[in-house]
Structures are given as structure tokens and as C-alpha cells.
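All chains are named by letter (A, B, ...) in the order of the sequence lines, taking the proteins before the strands, and each is independently numbered beginning at 1.
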There are 2 protein chains.
Amino acid sequence: MHASVSPATGADTVATDVDTVATDLGVVMKQLLVSSSRDFFAAVEQAGFTFTQVKCLHLLGDAAEPRPLNALSETLGLSGPAISRAVDGLVQRGEVKRTEDPRDRRSKLLTLSPRGRRTIDHFVAIRFAGIKRFVEGLTDDEREALGAGVSPLARRLES
Amino acid sequence: MHASVSPATGADTVATDVDTVATDLGVVMKQLLVSSSRDFFAAVEQAGFTFTQVKCLHLLGDAAEPRPLNALSETLGLSGPAISRAVDGLVQRGEVKRTEDPRDRRSKLLTLSPRGRRTIDHFVAIRFAGIKRFVEGLTDDEREALGAGVSPLARRLES
DNA sequence: TATTGTTATACTCTATAACTATA
DNA sequence: TATAGTTATAGAGTATAACAATA
């Protein structure tokens, strides 16, 4: 028998207690990760970047101001030398610009170059394509319900 | 002005074209990954497993039948020696049982031990706790809409 | 001969320690 | 002295190549 009266959507209501939603969300997330990660990982390897380097690029891309090396080190939870090597490779490839901080010449300020920006855009596009492929595999009803579920969260979460 | 008539939920309808849903889904997934990955990574490191070993455990946990080493190698996309070393560590720790295949003595069959099963359950519980924490941070309306969106997908996706 | 798995060796990435330059 | 970053060295983890056992 039906658990409750159906709303105007015409569909039966579903259990939406915390545990049920968390469980279902986990199932969807797992599948989505598979869909969206494969091409992304392949692209990073193809381009010859390490994941640490990709994280550095993303961090610098999100930053409004030039960042010193130790800021990346702390945010990513990696040692100074590890970041130093990763960034050095990015500088040599022209993805990142590294300049002395005139106010403290011990510090080096890092900024994304136009090439680095294009690199990020490339990786973001690949990620998005994977997610889009997942959404395209849904029925119209599934997509509409999912959109109604994630839209308000996206509005609130996105910076 | 309003894009269309509001349904019985009392909320405005939202755009649910593929690109919009994919974009919003990406935002939510990103936040969810942050919420659910931190403790998981810490737990894996704390327990002294490599991520390859955790993947091996999950794979053996999902398998109905004992699996030979090269099956893990192919599924995970890693070299035979890498899997051999990872599995060897799991065998020494009593997480996995490794026996000769009586029908082909070149092959070794791998199965999860009861201890390995407990290890997986532990990691799954930590993952779930992270997702649950995310869901608990939602308002009732947000949680109900999200549940309605992911529930039908979970029904269809889960094995 | 071909295949399954292991051992030998080299490479990459990271961490700790030592070092340089600046504050 | 303390701090930012780099260089030196050692430890994981992986891949390719060489090997052993079985088919």
C-alpha cells in the first residue's frame, strides 16, 4: 500500500530521513565518481602533470592574490620541498609565474600564467563532461527530480 | 517574473536542463567529497594500509567468487608486481587468504578473511558517516528535495 | 611455448634534515 | 635567531624486465 498521499507530481513520496538520503546519496556519488574520474585521470597523466601539480594549479586559480609557496604547502598538507619541486616543474613549463616578494625577499609569490589558466579550464571541462554524461544517461523524470534536489544546495554552496 | 506555475510543493520550479543539472551536481559533489574524504583518508593512513590495498579489499569484498591475482591487476589498472606486493602485505596481516587454485596451480585464489571483512566494514562506516554529516547539515526542505532526487537513481543503480 | 605469479632493478614522489638567503 | 625556500638523502610505491613454476 502507499505510504502517504501523492503530491501533485504524481509520484509516490519517498523516505527522506537522514540515513536513507545519506545512503542513496552515497550510491549516486559512487557511480558519478566513476563516470567523471576516468577521463580526468587519463588527461592529467597524458598532459604529464602530477596530481600535486594539478592541485597547485587549482589553488592558484581560485586565489585572488598571488600566494607564497608555504601557503600552498599548508593548504595541501604537503611538505615544503614537495611543493617546491612540484611548483618548479610548473614554472619551467610556463604554467606558473614565480617572483620574489619585494616586501620580503625570502618569499616567492606564485601566480597562474595565461597558459596555466587554459590548463585548468581544460581539466575542468573534462570533469564537467563526465558529470554531463552521467546526467544525459538519466530519464527526464530522474533528471528533473535530481535537478530540483541539487539546485538549492548548489545556490547555497557555491562561493 | 516566475518561469512557470509552482507545483504543490510551494517552491518555484527550477531549470532542469542537462547543463544546469550537471553544473549544480558538480558543485554538490565537490562539497560532498570534501566532507566524506578527510576522515576516510586519515583512517586508511592510521591503519597503515595503502590505497591500493584498500581497493583490493573492496574488490575482494564485492566479488562472489575467489579471484586470482591478475583479475585484481586488470580491474585496478595496476601492474602484476604492484598487486602482488600489495596483496602480500594483506596476506601477512591476515586480511586476505591466498591459496593455490587446484585446477591451475600457477594461479593463486584470493578471498577476504573475516578480519578483512571487518576492515572493509570499518572503512565503509567512516565514508557513510561523512556523507551523513553532510546530509545533517541540510535544512529539512533541502534534505527532502535531495532525497526525492537521488532515491530513484539509487534504486536503479545499486546492484 | 604461453601464462601466472614473484623477484630484481630503476624511476617518481614525498618527508626529514641540512643549507642559503633574508628578516 | 627565526623564517622562506631550495638542495641532499632516504623511504614508499609502481613499472618493466628477468625469472620460476605450471599449463
Side-chain angles (χ1 to χ4, degrees), chain A residues 37-38 40-60 63 65-93 95-112, chain B residues 37-38 41-60 63 65-93 95-111:
Chain A
S37 295
R38 180 151 311 202
F40 175 73
F41 288 165
V44 170
E45 184 175 7
Q46 162 71 22
F49 291 108
T50 67
F51 286 101
T52 296
Q53 287 177 319
V54 174
K55 287 178 198 162
C56 287
L57 289 175
H58 269 105
L59 218 58
L60 293 176
E65 302 289 320
R67 306 286 287 161
L69 196 140
N70 65 7
L72 274 66
S73 176
E74 284 174 21
T75 304
L76 296 180
L78 294 172
S79 70
I83 300 297
S84 182
R85 287 247 156 69
V87 167
D88 195 62
L90 293 172
V91 171
Q92 286 181 29
R93 291 181 61 164
E95 309 276 343
V96 166
K97 194 172 63 174
R98 178 175 49 190
T99 60
E100 257 187 4
D101 184 342
R103 295 172 308 178
D104 182 347
R105 294 177 49 220
R106 293 173 301 183
S107 183
K108 312 269 177 82
L109 294 178
L110 305 172
T111 55
L112 211 59
Chain B
S37 294
R38 178 150 311 202
F41 288 166
V44 170
E45 184 176 5
Q46 163 70 23
F49 291 109
T50 68
F51 285 100
T52 296
Q53 287 177 318
V54 174
K55 288 177 197 162
C56 287
L57 289 175
H58 269 103
L59 218 58
L60 293 176
E65 300 290 319
R67 307 286 287 160
L69 195 139
N70 65 7
L72 274 66
S73 176
E74 285 175 21
T75 304
L76 296 180
L78 293 173
S79 69
I83 300 297
S84 182
R85 288 249 157 71
V87 167
D88 194 62
L90 293 173
V91 170
Q92 286 181 28
R93 291 181 61 163
E95 309 277 343
V96 166
K97 194 172 61 173
R98 178 175 50 190
T99 60
E100 259 187 5
D101 184 344
R103 294 171 308 176
D104 182 347
R105 292 178 50 220
R106 293 173 303 181
S107 183
K108 312 270 178 81
L109 294 177
L110 305 172
T111 55

Any B:Leu59 side-chain heavy atom under 4.5 Å of B:Arg67 side chain: no
query: Is the shortest heavy-atom distance from the side chain of A:Thr99 to the side chain of A:Thr111 under 4.5 Å?
result: no
task: Quick one: which residue pairs count as a side-chain hydrogen bond (donor to acceptor under 3.5 Å, both in side chains) with a foot in residues 71-88 of chain A, not counting sequence neighbours?
output: A:Asp88-A:Gln92, A:Asp88-A:Arg98
- request: Starting from C1' on D:dT3, measure out to CD on A:Glu74 and report it in whole angstrom.
  value: 12 Å
- prompt: Rounded to whole angstrom units, what separation is found between the CG atom of B:Asp88 and the P atom of C:dG5?
  reply: 13 Å
- line: Nearest heavy-atom approach of A:Leu76 to A:Cys56 is CD1-SG, 3.9 Å
field: Partner set under salt bridge (charged side-chain N to carboxylate O under 4.0 Å, His left out) for A:Glu100, not counting sequence neighbours
entry: A:Arg105
- prompt: How many Å lie between CD on B:Glu45 and P on D:dG13, as a whole number?
  reply: 11 Å
Polar-atom pairs under 3.5 Å, protein N or O versus N or O of nucleotides 7-14 of chain C: list them with distances, or write none.
unit_1: C:dT14; atom_1: OP1; unit_2: A:Thr52; atom_2: OG1; d: 2.2

task: Can you sort out the partners of B:Arg93 under salt bridge (charged side-chain N to carboxylate O under 4.0 Å, His left out), two or more places apart, ordered by chain and number?
output: none
field: Atom pair distance, as rounded to whole Å: NZ in A:Lys108 and C1' in D:dA4
entry: 8 Å
- request: Would you kindly give the CZ-to-P distance between B:Arg67 and C:dG5, to the nearest whole Å?
  value: 11 Å
- request: Taking only the side-chain nitrogens and oxygens of B:Asn70, find out if one of them lies under 4.0 Å from OP1 or OP2 of C:dT3.
  value: no
- prompt: Is A:Lys108 close to A:Leu69 at the side-chain level, that is, under 4.5 Å between some pair of heavy atoms?
  reply: no
- prompt: Would you say B:Arg98 reaches C:dT4's phosphate, i.e. side-chain N/O to OP1/OP2 under 4.0 Å?
  reply: no
Nucleotides 19-23 of chain C: which of its N/O atoms have a protein N/O under 3.5 Å away?
unit_1: C:dT22; atom_1: OP1; unit_2: A:Arg105; atom_2: NH2; d: 2.8
unit_1: C:dA23; atom_1: OP1; unit_2: A:Arg105; atom_2: N; d: 3.1

Set of salt bridge (charged side-chain N to carboxylate O under 4.0 Å, His left out) partners for A:Arg38, sequence neighbours left out: none
